[in-house]
Amino acid sequence: MGNDVSANVGPLQNQLQAPLVAIDPRFITQEEVYLVLKEKFSFSGDDFSIHDTNGRHWFQVKGKTFSLRDKKTLFDVANVPVLTMHSKVFSLHSTQEIYRGQSTDLAATVKKKIKLSFNSSITVTVTYQGRTEILEIKGNFMDRAFIIMRGGQLIAKSTRTNRWGAAALLTDRETYFLEVAAGVDSALMVALAVSIDEIERES
């Protein structure tokens with residue numbers, strides 16, 4: 001499966017020069033966030049439940065398998081739509097688009113670069129209030145082990161091994177762990193993780 005790049009990097013960058021906002025400033029915290037993403041399958045689509053290591057619920061993702069572009073919606077704890085994600089049709093590359101709320105306000109475009117190896121890279125173009133910046137995601141996406149970089153700074157990482165060093169059970173391959181640096185939009189990071197999951201399923 002290749003190396004777990006997320007296990008071979010240092011700690012997250014928790015002193016950013018400027019916060020990374022893409023969805024909403026309320027999803028930025030002053031300390032590092034450690035989230036557990038658990039995928040569930042149903043006849044209506046594949047859903048995600050997201051909580052922290054204290055068991056506190058953060059988000060829920062609901063998907064529609066038979067929609068034209070496999071649309072997914074991220075809800076907050078009050079069940080309010082935070083963002084929507086779907087595949088970009090007629091694209092030469094595997095591409096996901098992320099929109100704020102249920103609008104047509106584009107927050108990010110997630111595009112995978114094609115490589116003949118397990119370790120690939122994904123470019124994310126983030127737009128917020130007229131500003132645009134580029135994030136880079138590297139790792140073994142098939143095994144959901146990757147890091148997210150912003151201008152050379154490590155701002156998030158995903159792995160199937162939790163913070164205590166225990167791997168997810170073989171019978172629980174739909175659970176993985178996401179660390180998000182302080183000052184980074186956690187809703188965007190969750191959306192990127194779900195988008196990568198979708199891109200890999202389409203590959």
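The structure displayed is predicted, hence computed values, not measured ones.
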K.L.:
Start with the C-alpha gap between Gln96 and Ser87, add the side-chain angles, then the distance that decides, and say whether side-chain contact (heavy atoms from CB on, under 4.5 Å) holds.
P.N.:
CA-CA 4 Å; Gln96 289 276 310; Ser87 303; 2.8 Å; yes

K.L.:
Applying the 4.5 Å side-chain criterion to the ILVMFWY set and letting contacts propagate, would Ile199 and Phe48 be lumped into a single cluster?
P.N.:
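Both belong to a single hydrophobic cluster.
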
K.L.:
For Arg56, which residues count as a salt bridge (charged side-chain N to carboxylate O under 4.0 Å, His left out) partner, sequence neighbours excluded?
P.N.:
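By the salt bridge (charged side-chain N to carboxylate O under 4.0 Å, His left out) rule, Arg56 matches Asp52.
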
K.L.:
Can you name the salt bridge (charged side-chain N to carboxylate O under 4.0 Å, His left out) partners of Glu136, sequence neighbours left out?
P.N.:
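None.
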
K.L.:
Look up atom CD in Glu133 and atom OG1 in Thr127, then write down how far apart they are to the nearest 0.5 Å.
P.N.:
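Here the rounded value is 9.5 Å.
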
K.L.:
Between Val184 and Gln13, is a side-chain contact (heavy atoms from CB on, under 4.5 Å) present by the stated rule, with each step listed?
P.N.:
CA-CA 10 Å; Val184 174; Gln13 178 63 49; over 6 Å; no

K.L.:
Do Leu135 and Met189 come within less than 4.5 Å of each other through their side chains, counting heavy atoms only?
P.N.:
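In short, these two side chains touch, coming nearer than 4.5 Å.
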
K.L.:
Checking Thr125 now: which residues fulfil side chain to side chain contact (heavy atoms under 4.5 Å, CB included) with it, not counting sequence neighbours?
P.N.:
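By the side chain to side chain contact (heavy atoms under 4.5 Å, CB included) rule, Thr125 matches Thr132, Ile134.
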
K.L.:
Rounded to the nearest 0.5 Å, what separation is found between the CG atom of Leu192 and the CE atom of Met85?
P.N.:
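The distance works out to 9.5 Å.
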
K.L.:
Relative to each other, are the rings of Phe146 and Phe141 parallel, tilted or perpendicular (30° and 60° limits)?
P.N.:
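The rings of Phe146 and Phe141 sit tilted, inter-plane angle from 30° to 60°.
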
K.L.:
Got a sec, which pairs hit salt bridge (charged side-chain N to carboxylate O under 4.0 Å, His left out) with one end in residues 180-190, sequence neighbours left out?
P.N.:
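Output for this query is empty, none listed.
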
K.L.:
Kindly write out the residues that satisfy side-chain hydrogen bond (donor to acceptor under 3.5 Å, both in side chains) with Gln102, not counting sequence neighbours, or none if the list is empty.
P.N.:
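Once residues adjacent in sequence are excluded, Gln102 has no partner under the side-chain hydrogen bond (donor to acceptor under 3.5 Å, both in side chains) criterion.
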
K.L.:
So, using side chain to side chain contact (heavy atoms under 4.5 Å, CB included) as the criterion, who are the partners of Ala108 when residues are at least two apart?
P.N.:
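Ala108 satisfies side chain to side chain contact (heavy atoms under 4.5 Å, CB included) with Ile98, Val124, Val126, Leu188 once adjacent residues are dropped.
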
K.L.:
With sequence neighbours left out, which residue pairs that include part of residues 16-26 fulfil the salt bridge (charged side-chain N to carboxylate O under 4.0 Å, His left out) condition?
P.N.:
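The answer is Asp24-Arg26, Arg26-Asp76.
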
K.L.:
Heavy atoms only: give me the nearest Pro19-Arg150 pair and the separation to one decimal.
P.N.:
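Closest pair (atom of Pro19, atom of Arg150, distance): O-NH2, 3.5 Å.
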
K.L.:
Mind checking what makes ring-ring contact (aromatic ring centres under 6.0 Å, His included) contact with Tyr128, not counting sequence neighbours?
P.N.:
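Partners of Tyr128 under the ring-ring contact (aromatic ring centres under 6.0 Å, His included) test: none.
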
K.L.:
Which atom names give the shortest non-hydrogen contact between Leu16 and Ile155, and what distance separates them?
P.N.:
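Closest pair (atom of Leu16, atom of Ile155, distance): CD2-CG2, 4.1 Å.
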
K.L.:
Decide whether Thr175 and Glu39 meet the rule of one side-chain donor and one side-chain acceptor closer than 3.5 Å.
P.N.:
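Note: Thr175 and Glu39 side chains miss the donor-acceptor criterion.
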
K.L.:
Going through the distances and angles, do His51 and Leu35 end up as a side-chain contact (heavy atoms from CB on, under 4.5 Å)?
P.N.:
CA-CA 6 Å; His51 60 273; Leu35 300 174; over 6 Å; no

K.L.:
Check the pair Ile23 / Val82 against side-chain contact (heavy atoms from CB on, under 4.5 Å), numbers first and verdict last.
P.N.:
CA-CA 8 Å; Ile23 309 302; Val82 172; 3.5 Å; yes

K.L.:
Taking all non-hydrogen atoms of both residues into account, name the closest pair between Trp58 and Ser186 and its distance.
P.N.:
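What the structure gives for the nearest pair is CZ3-OG, 3.6 Å.
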
K.L.:
Measuring from Thr73:OG1 to His86:NE2, what's the distance to the nearest 0.5 Å?
P.N.:
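Thr73 OG1 to His86 NE2: 9.5 Å, rounded to 0.5 Å.
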
K.L.:
If the condition is side chain to side chain contact (heavy atoms under 4.5 Å, CB included), which residues does Asp105 pass it with, not counting sequence neighbours?
P.N.:
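Checked Asp105 against side chain to side chain contact (heavy atoms under 4.5 Å, CB included); matches are Arg100, Ser103.
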
K.L.:
Supply the atom-to-atom distance Ile196 CD1 to Ser94 OG, rounded to the nearest 0.5 angstrom.
P.N.:
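It is 12.0 Å, given to the nearest 0.5 Å.
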
K.L.:
Are the side chain of Ser49 and the backbone N or O of Lys38 linked by a donor-acceptor pair below 3.5 Å?
P.N.:
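Not confirmed, Ser49 side chain does not pair with Lys38 backbone.
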
K.L.:
If you compare all heavy atoms of Lys62 against all heavy atoms of Asp47, which two are closest, and at what distance to 0.1 Å?
P.N.:
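Answer, listing the atom of Lys62 first, then Asp47: CA-OD1, 3.4 Å.
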
K.L.:
Return the CD1 to OG distance between Ile122 and Ser195, rounded to the nearest 0.5 Å.
P.N.:
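Interatomic distance, Ile122 CD1 to Ser195 OG, rounded to 0.5 Å: 8.5 Å.
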
K.L.:
Among all residues two or more places apart in sequence or in another chain, which pass the ring-ring contact (aromatic ring centres under 6.0 Å, His included) test with Phe27?
P.N.:
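With sequence neighbours excluded, Phe27 shows a ring-ring contact (aromatic ring centres under 6.0 Å, His included) to Phe59, given in chain and number order.
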
